[in-house]
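Single-structure report; data block below.
Heavy-atom basis, side chains included; hydrogens, waters and symmetry copies ignored.
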Amino acid sequence: MIGKQKDSSYLYLRVTAGPHKGETFRLSLTGRSRIGRDSSCEVLLAKDNRISRLHAQVILSDKKVYIKNMSDKNKVYINKNEMEQSQVTKSDVIQMGASELQIIYKEKSTKKKSSKNKNYSSPRKKSKINPVTITIGLLILLLGFKLISPSNTKPKNRNIASVTPKGEVAPVVLLNSNFKKSNKNKNLPAQAQYIKGFRDFKKGQYESGLLHFQQCLALQPQHELCQRYLRLSRKKIQELIQYHMVLGRKYKDQKQYQACSSTFRNVTFLVKDPSKKLFKEATQNYKYCENQLEGNF
């Protein structure tokens, strides 16, 4: 439970659903952290149009975490129950607008290098140097020097002007045919896009990853890893769409209209194309759930 925090702890708020899914915000342990669409908020959810400019506030008091609704129009739900102010733990689901959030608690790393059980080696005894050994070593060095002297080696290719037997200066010739100015590796930008896309893919941010893999293939169409993860990203997005559609219908049947509205809204973010059948169905269900919430149906 987050109520018993140490001084060496960090407190975070992670977005688990909505336009900012996957983003994590560090909260203040000494003051209050604001949540909203205004740029001054510590937890900035600007992409969620259903969030107020100042929607809620996270308060740390007596080593316990509370969340308080600061909006007159919009609501805050803790575990699907409407709350004005409530204590929250890391197991609670906080819902506002089209976003769901969760408290995360991490401790600072307190590892220290231990100086115990160090193996101190005893000083080595100085060994006496044998004069015969020194003499043999010098002879070997002299022999090696003669073998590598310029008279015994072939001249290396040099990119300098040479003097002809007649004393004329010959033109500069690049004797090494492989000596060329290397162009910048054209694969580097594509590889950078792949790395960014792969990181997003591992975080479950498949839409962002998909864009990076597409940019990678635009730069290098034969990039095998970008081709592979582009297909996997599209597959994951389709699986997410189907999952949210099933979940949204379930919420609708159970008359959980707040969760129903958020889920079908997520589908429209994922599908994007208004001409698609799933987009139209999700939009229709989203409007239905919204009307039920507002009592206009």
Side-chain angles (χ1 to χ4, degrees), residues 1-7 9-107 203 205 244 247-248 251 254-269 286-297:
M1 182 175 177
I2 301 181
K4 298 180 179 179
Q5 295 184 29
K6 300 178 182 178
D7 293 336
S9 63
Y10 287 136
L11 193 63
Y12 295 87
L13 196 62
R14 176 177 292 171
V15 184
T16 57
H20 292 270
K21 181 179 178 182
E23 295 185 24
T24 303
F25 301 88
R26 185 172 170 181
L27 302 176
S28 172
L29 293 175
T30 57
R32 302 188 176 194
S33 300
R34 296 162 295 178
I35 305 172
R37 290 189 296 107
D38 192 87
S39 59
S40 64
C41 292
E42 289 75 17
V43 181
L44 180 59
L45 303 177
K47 297 179 184 178
D48 192 341
N49 295 327
R50 297 181 58 204
I51 293 284
S52 300
R53 293 180 64 84
L54 176 57
H55 197 119
Q57 206 171 45
V58 180
I59 306 167
L60 186 69
S61 177
D62 296 329
K63 297 184 178 181
K64 294 180 181 179
V65 181
Y66 297 87
I67 188 162
K68 182 180 180 180
N69 186 4
M70 304 295 293
S71 174
D72 296 331
K73 297 181 180 179
N74 296 313
K75 301 175 183 179
V76 175
Y77 297 86
I78 310 296
N79 299 325
K80 301 177 183 177
N81 296 316
E82 183 183 347
M83 296 290 181
E84 287 300 318
Q85 180 169 326
S86 175
Q87 181 184 351
V88 290
T89 66
K90 60 183 180 181
S91 62
D92 293 326
V93 177
I94 306 164
Q95 186 174 357
M96 57 185 73
S99 301
E100 291 183 2
L101 309 99
Q102 201 165 13
I103 293 288
I104 299 176
Y105 165 64
K106 295 181 181 179
E107 290 189 6
K203 293 177 182 177
Q205 299 173 8
H244 281 86
L247 191 62
Y251 287 144
Q254 295 176 352
K255 298 183 180 180
Q256 298 180 24
Y257 298 119
Q258 183 69 38
C260 164
S261 173
S262 299
T263 305
F264 283 118
R265 185 175 178 83
N266 287 338
V267 174
T268 61
F269 284 132
Y286 165 74
K287 291 179 179 179
Y288 173 83
C289 295
E290 282 289 294
N291 287 331
Q292 289 292 344
L293 286 171
E294 296 173 3
N296 294 330
F297 186 77

Spacing of Met83 atom CE and Lys75 atom NZ [to the nearest 0.5 Å]:
13.5 Å
Calculate, to the nearest 0.5 Å, the distance between atoms NZ and CZ belonging to Lys47 and Phe269 respectively.
9.5 Å
Decide yes or no for Ile35 and Val58: does some side-chain heavy atom of the first lie under 4.5 Å from some side-chain heavy atom of the second?
yes
Any donor-acceptor pair under 3.5 Å from Ser52 side chain to Leu54 backbone:
no
Glu42 side-chain N/O to Arg34 backbone N/O, donor-acceptor pair under 3.5 Å:
yes
For residues Val76 and Ala56, report the shortest heavy-atom separation together with the two atoms involved.
CG2-CB, 4.1 Å
For the residue pair Ile59 and Ile67, establish whether any side-chain heavy-atom pair is separated by less than 4.5 Å.
no
Do Ser61 and Tyr66 come close enough that some side-chain heavy atom pair is under 4.5 Å?
yes
Hey, what do you get for CG (Leu11) to OG (Ser33), rounding to the nearest 0.5 Å?
7.5 Å
Among Val43, Leu45, Leu44, exactly one meets side chain to side chain contact (heavy atoms under 4.5 Å, CB included) together with His20. Which residue is that?
Leu45
Please examine the side chains of Glu82 and Glu84, heavy atoms only from C-beta on, and report whether any two atoms are closer than 4.5 Å.
yes
Is it true that atom CZ of Arg14 has more than 12 heavy atoms of other residues, nucleotides or ligands lying nearer than 6.0 Å?
no
Indicate yes or no for a side-chain donor-acceptor contact from Asn69 to the backbone of Asn74 under 3.5 Å, with no hydrogens or angles considered.
yes
Straight-line distance of Gln85 CD to Ile78 CD1, nearest 0.5 Å:
10.5 Å
Which atom of Ser99 lies closest to which atom of Pro19, heavy atoms considered
OG-CD, 4.0 Å
Within the 3.5 Å criterion, strictly below it, is a donor on Glu290 or Ser261 matched to an acceptor on the partner's side chain?
yes
What is the distance from atom CD of Gln87 to atom CG of Asp62, rounded to the nearest 0.5 Å?
10.0 Å
Can you tell me how far apart CZ (Phe264) and OH (Tyr288) are? Round to the nearest 0.5 Å.
11.0 Å
Counting C-beta onward and ignoring hydrogens, is there a side-chain heavy-atom pair between Gln102 and Val15 closer than 4.5 Å?
no
Under a 3.5 Å cutoff, is there a donor and acceptor pairing between the side chains of Ser262 and Gln95?
yes
Do the non-hydrogen side-chain atoms of Thr89 and Ile103 ever get within less than 4.5 Å of each other?
no
Derivation and outcome, side chain to side chain contact (heavy atoms under 4.5 Å, CB included), residues Leu27 and Val65:
CA-CA 11 Å; Leu27 302 176; Val65 181; 5.7 Å; no
Counting N and O atoms only, with roles assigned by atom type, does the side chain of Asp48 sit under 3.5 Å from a partner on the main chain of Arg50, one being a donor and the other an acceptor?
yes
Just checking, is any N or O donor in the side chain of Asp38 or Ser40 under 3.5 Å from an acceptor N or O on the other one?
yes
Work out which heavy atom in Ile51 is nearest to a heavy atom in His55; give both atom names and the distance.
CA-ND1, 3.7 Å
Keeping Thr263 on the side-chain end and His244 on the backbone end, is there a donor-acceptor pair under 3.5 Å?
no
Could you tell me whether the side chains of Tyr286 and Arg265 share a donor-acceptor contact shorter than 3.5 Å?
yes
Is it the case that Lys80 and Gln258 place a side-chain donor and acceptor less than 3.5 Å from each other?
no
